[in-house]
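Just the heavy atoms: all of them, side chains too, but no hydrogens, waters or symmetry mates, feed the values below. As the structure is a prediction and not an experimental result, all values here were calculated from the model. Sequential numbering from 1 along the given sequence is applied to the chain's residues.
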Amino acid sequence: MEKAREVLVIGGNRYFGKRLIRRLLAAGDRVTVLNRGSAPPPTGAVHLVADRDDENSLRKALGSRTFDVVVDQVCYTPRQAAVARRVFGGRTRRYVMTSTVEVYEYEDSPTPVVESAVDPRTVAVDLELPWDDPEFLESHYGEGKRQAEAVLATDPAFPYVAVRVAHVLGGDDDFTGRLAHYAERIRTGEPIAVPVVNRPATYIHVEEIADFLAWAVGEDFTGPVNAASNGLLGTDELCEAVAARIPDGTVVLRGVEVGEVSPLSFARSYGMDNARATRLGFTFGDVRQWLPKAVAETLGD
């Protein structure tokens, strides 16, 4: 009988983090969840309360605990990654950071982007930028994740994985409001603003990314890995899937040269290539097969 793994999840209060924790518990892992105490973890997990930005608070909460795997759901900045590298060096055999497709935000590729397009070992790190400013962090989300990856990749204190997650859809607890944005405009016939040249993107269902992270916990590969369902979707297909749930709904896309556009519409093409993860053994679903289900779950209509 295999020994149960000791797994720490940092964050994980909501959305696919909750689903990941439930999967780990169901697999027989001993799961510890560390967050600021804003929400309790699923039943069966040990709960530690600490501010992950505060190194002393983090060390005090962890005590002498060690882990087989740490899954960091809320590492957004190089400062947070630097704290994690210091605190978890010698405490874990494996570190899985949830990163994002937005690390590729400066790419514009006619074909899906592979991991080597952004090599974290070549990314410059600036710890002095105002990472504690919420407005700065929100507007530099992709840059924060790139630099966080860079900290872990440079002189790594432990084997690490950076899971670059595609845009996540589905679930009745989708807090982003992105599909609701489309639904409201489709119900009223209001135009949906998109770039004049509107590029497709890669997506993943909320249950699939939870499956992927749970799988990654038990593997031994390292470095960046793209996590995305098979297939690219444009804003028009997303809107048509939403309209199918709305009687007499009308999709009106309006191309704009400048100004704010709707969520999930993109002037650059940086859909992700999932071949590395596929070669490593994970089987992705097809985005067009699960999209109607995701829309139904989120809108609840």
Side-chain angles (χ1 to χ4, degrees), residues 15-16 19-20 23 100-102 104-105 107-115 163-187 192-195 197-216 225-255 261-301:
Y15 210 31
F16 59 85
R19 291 164 171 83
L20 166 64
R23 282 160 169 76
T100 174
V101 62
E102 296 304 327
Y104 301 119
E105 63 184 327
E107 302 300 315
D108 193 358
S109 172
T111 58
V113 180
V114 298
E115 289 86 353
V163 179
R164 295 172 176 173
V165 181
H167 306 287
V168 183
L169 296 177
D172 60 5
D173 55 342
D174 180 356
F175 62 92
T176 65
R178 295 175 299 193
L179 292 184
H181 168 94
Y182 290 134
E184 177 61 25
R185 280 155 179 76
I186 290 168
R187 287 190 183 99
I192 296 167
V194 297
V197 179
N198 189 25
R199 305 295 190 186
T202 39
Y203 294 86
I204 193 165
H205 190 270
V206 62
E207 301 292 346
E208 188 170 39
I209 187 56
D211 286 340
F212 186 91
L213 288 168
W215 169 78
V225 62
N226 293 337
S229 296
N230 296 315
L232 295 165
L233 284 179
T235 309
D236 54 343
E237 287 187 84
L238 280 171
C239 289
E240 291 298 338
V242 173
R245 304 284 305 176
I246 300 173
D248 302 319
T250 302
V251 177
V252 180
L253 299 182
R254 176 171 57 86
V261 296
S262 293
L264 306 180
S265 57
F266 308 97
R268 287 186 173 90
S269 181
Y270 54 102
M272 294 193 299
D273 184 312
N274 64 17
R276 182 180 188 224
T278 300
R279 288 193 302 270
L280 288 166
F282 189 85
T283 301
F284 291 98
D286 186 282
V287 66
R288 288 177 178 81
Q289 291 183 352
W290 59 252
L291 179 61
K293 175 176 180 282
V295 171
E297 291 168 346
T298 302
L299 299 184
D301 294 327

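- The side-chain heavy atoms of Leu169 and Leu291, taken from C-beta on, include a pair separated by under 4.5 Å.
- A donor and an acceptor atom, one from each side chain of Ser269 and Asp108, are nowhere located under 3.5 Å apart.
- Note on Arg164 versus Glu102: no salt bridge recorded, every NZ/NE/NH1/NH2 to OD/OE distance being 4.0 Å or above.
- By the 30° and 60° cut-offs, the orientation of the rings of Tyr15 relative to Phe175 is perpendicular.
- Considering only residues two or more places apart in sequence or on other chains, Ala180 meets the side-chain contact (heavy atoms from CB on, under 4.5 Å) condition with none of them.
- You'll find the side chain of Leu179 reaches within 4.5 Å of the side chain of Val242, heavy atoms only.
- Not a single donor-acceptor pair under 3.5 Å links the side chain of Arg254 to the backbone N or O of Pro195.
- Under the salt bridge (charged side-chain N to carboxylate O under 4.0 Å, His left out) criterion, the residue pairs touching residues 166-181 are Lys18-Asp173, Arg19-Asp173, with sequence neighbours excluded.
- With Glu208 contributing its side chain and Gly285 its backbone, the two residues share a donor-acceptor pair below 3.5 Å.
- The two residues Gly231 and Arg288 come nearest to each other via the heavy atoms CA-NH1, 4.2 Å.
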Discussion item. Could you go through Val251 and Glu240, starting from their C-alpha distance and side-chain angles, then the distance that decides it, and tell me whether this counts as side-chain contact (heavy atoms from CB on, under 4.5 Å)?
Written reply: CA-CA 7 Å; Val251 177; Glu240 291 298 338; 4.0 Å; yes

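- Between the side chains of Ser229 and His205, no donor-acceptor pair of N or O atoms lies under 3.5 Å.
- Remark: Asp211 CG to Phe16 CZ distance equals 12.5 Å, nearest 0.5 Å.
- The side-chain contact (heavy atoms from CB on, under 4.5 Å) test applied to Ala166 returns Thr202, Ile204, Ala228, Met272, not counting sequence neighbours.
- The environment of CG in Asp286 is crowded: more than 12 heavy-atom neighbours from other residues, nucleotides or ligands sit within 6.0 Å.
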Worksheet item: Can Val206 and Val168 be said to form a side-chain contact (heavy atoms from CB on, under 4.5 Å), step by step?
Response: CA-CA 6 Å; Val206 62; Val168 183; 3.9 Å; yes

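- Taking each heavy atom of Tyr203 and Val287 in turn, the nearest pair found is CB-CG2, 4.0 Å.
- With contacts defined as side-chain heavy-atom distances shorter than 4.5 Å, the pair Thr250/Ile186 does not qualify.
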Item to complete: For Glu207 and Lys293, run salt bridge (Lys or Arg N to Asp or Glu O under 4.0 Å): C-alpha distance rounded to whole Å, both residues' side-chain angles, the deciding distance at 0.1 Å, then the answer.
Response: CA-CA 11 Å; Glu207 301 292 346; Lys293 175 176 180 282; 6.0 Å; no

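- One finds the CG atom of Leu264 at 7.0 Å from the OG1 atom of Thr235 (value rounded to the nearest 0.5 Å).
- Distance check: Asn230 CG to Gln289 CD gives 9.5 Å after rounding to the nearest 0.5 Å.
- To the nearest 0.5 Å, the span separating CD1 on Ile192 from NE2 on His181 amounts to 6.5 Å.
- Separating the CZ atom in Arg279 from the CG atom in Asn274 is a distance of 10.0 Å, to the nearest 0.5 Å.
- Between Thr298 and Gly171 the shortest heavy-atom distance is OG1-O, 3.3 Å.
- Atom CZ of Arg268 sits about 11.0 Å away from atom CZ of Arg199, to the nearest 0.5 Å.
- Between Ala183 and Ile246, the shortest heavy-atom distance links the atoms O-CD1, 3.6 Å.
- The backbone N or O of Val113 sits nowhere less than 3.5 Å from a side-chain atom of Glu107 that would complete a donor-acceptor pair.
- Taking the six-membered ring for Trp and the full ring otherwise, Phe266 and His167 have centroids separated by under 6.0 Å.
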